[in-house]
Number of protein chains: 2
Amino acid sequence: MKYIDKLRNSGLRPTKQRLQICEVLFNVEKTFHFTINELEQKIKDKTDNKISLATVYNTVHAFEKKGYLKQIPINSNQTYFDTNVTDHHHFYDLNDQKLIDLENSDVGPINIKKKINGKKIKSVEVLVKLED
Amino acid sequence: MKYIDKLRNSGLRPTKQRLQICEVLFNVEKTFHFTINELEQKIKDKTDNKISLATVYNTVHAFEKKGYLKQIPINSNQTYFDTNVTDHHHFYDLNDQKLIDLENSDVGPINIKKKINGKKIKSVEVLVKLED
DNA sequence: ACACTTATTTAGAACCATTATAAACTACCC
DNA sequence: GGGTAGTTTATAATGGTTCTAAATAAGTGT
Ligand SMILES: [Mn+2]
Ligand SMILES: [Mn+2]
Ligand SMILES: [Zn+2]
Ligand SMILES: [Zn+2]
């Protein structure tokens with residue numbers, strides 16, 4: 001199986017639950033954005049046996065730590081995650097509460113001129129809020 | 001008093017509590033970022049009588065709605081607000097969990113080329129994450 | 001296969017920032 | 001002053017997330 005090695009190489013045991021979550025998250029055409037609750041629902045739809053909510057949280061955080069997921073900084077009552085871990089930007093539709101990817105070519109390079117002593121830039125993300 | 005008119009003109013009654021919060025938020029040299037808990041602490045430090053936590057929440061949301069404050073989109077367990085309501089960007093220091101303003105001149109103009117049908121751009125914000 | 005160790009899963013409890021409630025209070029208008 | 005709508009307040013409720021600790025499963029060595 002393609003995810004067994006991925007997990008083992010990351011020091012994560014390839015459990016049945018983790019492999020099922022890998023299927024839902026990564027074995028799809030397009031990357032996508034999700035909350036924990038939305039992921040839980042997808043898992044229920046796709047698989048017969050249920051995975052406990054605690055395991056969903058544990059797994060998402062483990063994958064985030066390994067760089068297979070990232071959090072999207074947005075003000076919402078739920079945390080948003082992204083299966084697209086490349087550097088990219090977002091539209092956030094305030095009416096529909098929907099996130100849409102922006103390609104880097106849609107924004108162009110961003111040159112941060114200010115420097116902070118002893119700190120390095122980890123990421124540069126643009127959030128474009130949309131309304132009707 | 002300078003905040004009485006500001007509040008009345010916004011359709012907000014200039015109560016003692018709101019005026020005190022105005023002093024803390026706006027009667028200072030520099031704009032700043034805060035969480036509700038940090039604001040509550042500042043209020044305690046500055047004034048003798050206490051303002052209930054519910055009123056702090058109510059007031060911050062009322063001021064946000066009127067455009068006197070804005071929320072900063074960031075992943076934290078607490079919501080961050082900004083007394084600088086002009087368009088500007090932020091450094092977020094992941095180690096210290098501190099927000100620092102970036103001037104527009106520090107980033108340069110950002111040209112969003114992609115358009116979404118029937119939606120207009122409300123804001124464009126850059127978040128630059130820093131680490132040691 | 002077996003025993004042993006360590007990682008993981010799980011249900012449920014705990015946590016805690018935020019929001020809702022509803023009664024007391026206050027600003028405003030006549 | 002009297003009436004009304006807006007505001008404050010203590011407190012409860014909400015709900016996403018994290019913690020706990022016991023059960024289970026995976027890896028390792030023999
Ligand atoms: Mn996390
Ligand atoms: Mn708000
Ligand atoms: Zn994305
Ligand atoms: Zn700011």
Side-chain angles (χ1 to χ4, degrees), chain A residues 1 3-24 33-44 47-66 68-81 97, chain B residues 1 3-24 33-44 47-66 68-81 97:
Chain A
M1 312 291 245
Y3 298 115
I4 291 182
D5 291 338
K6 177 175 178 164
L7 292 173
R8 276 226 190 79
N9 292 339
S10 310
L12 297 173
R13 291 185 181 177
T15 63
K16 186 176 47 148
Q17 292 85 347
R18 282 174 178 164
L19 290 170
Q20 283 177 354
I21 293 173
C22 278
E23 291 292 327
V24 173
H33 310 118
F34 64 92
T35 63
I36 296 287
N37 284 338
E38 289 167 356
L39 177 57
E40 217 195 357
Q41 193 54 54
K42 277 188 195 237
I43 293 167
K44 275 189 194 128
T47 69
D48 286 333
N49 69 325
K50 94 180 250 299
I51 298 177
S52 86
L53 181 58
T55 297
V56 178
Y57 273 99
N58 289 342
T59 303
V60 165
H61 286 138
F63 287 3
E64 184 196 8
K65 199 174 214 171
K66 296 300 178 181
Y68 302 144
L69 292 174
K70 65 176 184 182
Q71 257 183 273
I72 303 173
I74 209 170
N75 282 123
S76 164
N77 56 328
Q78 288 177 246
T79 306
Y80 273 85
F81 293 90
Q97 295 200 136
Chain B
M1 315 292 239
Y3 298 116
I4 290 181
D5 293 336
K6 176 174 177 163
L7 291 173
R8 275 225 190 79
N9 294 340
S10 312
L12 298 172
R13 293 186 178 174
T15 63
K16 186 176 46 147
Q17 291 86 346
R18 282 175 179 163
L19 290 169
Q20 283 179 354
I21 293 174
C22 278
E23 291 293 327
V24 173
H33 309 119
F34 65 92
T35 63
I36 296 287
N37 283 340
E38 289 167 357
L39 177 56
E40 216 194 359
Q41 193 53 56
K42 278 188 193 236
I43 294 166
K44 275 190 195 127
T47 71
D48 285 335
N49 70 327
K50 93 180 253 297
I51 298 178
S52 86
L53 181 58
T55 297
V56 178
Y57 273 100
N58 289 342
T59 302
V60 165
H61 286 138
F63 286 3
E64 185 196 8
K65 201 173 210 169
K66 296 299 179 184
Y68 302 143
L69 292 174
K70 64 176 185 181
Q71 258 182 270
I72 303 172
I74 210 170
N75 282 124
S76 164
N77 56 326
Q78 288 177 242
T79 306
Y80 273 86
F81 293 91
Q97 294 200 132

Considering just the side-chain nitrogens and oxygens of [X], establish if one lies under 4.0 Å of OP1 or OP2 belonging to [N].
| X | N | answer |
| --- | --- | --- |
| B:His61 | C:dT18 | no |
| B:Arg8 | C:dA27 | no |
| B:Tyr57 | C:dT19 | no |

**Request:** Look at the rings of B:Phe81 and B:Phe34 and say which category their plane angle falls in: under 30° parallel, 30 to 60° tilted, over 60° perpendicular.
**Result:** parallel

Rounded to the nearest angstrom, tell me the gap between atom [atom1] in [X] and atom [atom2] in [N].
| X | N | atom1 | atom2 | value |
| --- | --- | --- | --- | --- |
| B:Phe81 | C:dA17 | CZ | C1' | 11 Å |
| A:Leu19 | C:dT8 | CG | P | 12 Å |
| B:Asn75 | D:dG16 | CG | P | 16 Å |
| A:Gln78 | D:dT18 | CD | P | 12 Å |
| A:Leu7 | D:dA25 | CG | C1' | 15 Å |
| B:Asn37 | C:dT19 | CG | C1' | 15 Å |
| B:Glu40 | C:dT18 | CD | P | 11 Å |
| A:Phe63 | C:dT8 | CZ | P | 11 Å |

**Prompt:** Does A:Thr55 reach the main-chain N or O of A:Ile51 with its side chain, forming a donor-acceptor pair under 3.5 Å?
**Reply:** no

Check: protein-nucleotides 9-12 of chain C nitrogen or oxygen pairs below 3.5 Å:
{"residue": "C:dT9", "atom": "OP1", "partner": "A:Thr15", "partner atom": "OG1", "Å": "2.4"}
{"residue": "C:dT9", "atom": "O3'", "partner": "A:Gln17", "partner atom": "NE2", "Å": "2.8"}
{"residue": "C:dT10", "atom": "OP1", "partner": "A:Gln17", "partner atom": "NE2", "Å": "3.2"}
{"residue": "C:dT10", "atom": "OP2", "partner": "A:Ser52", "partner atom": "N", "Å": "3.2"}
{"residue": "C:dT10", "atom": "OP2", "partner": "A:Thr55", "partner atom": "OG1", "Å": "2.9"}
{"residue": "C:dA11", "atom": "OP2", "partner": "A:Lys50", "partner atom": "NZ", "Å": "3.2"}

**Asked** Is NZ or CZ of B:Lys6 both nearer than 6.0 Å to the six-membered ring centre of B:Tyr68 and within 45° of the ring axis?
**Response** yes

**Request:** Would you check if there is a donor-acceptor pair between the side chains of B:Gln20 and B:Asn49 at a distance under 3.5 Å?
**Result:** yes

Note, [X] side chain near [Y] side chain (heavy atom, < 4.5 Å):
| X | Y | value |
| --- | --- | --- |
| B:Arg13 | B:Arg18 | yes |
| A:Thr35 | A:Leu39 | no |
| B:Glu38 | B:Gln41 | no |

**Asked** With a non-hydrogen cut-off below 4.0 angstrom, is B:Thr79 in contact with a base, only sugar-phosphate, or nothing?
**Response**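 Answer is sugar-phosphate: B:Thr79 comes under 4.0 Å of backbone atoms only.
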
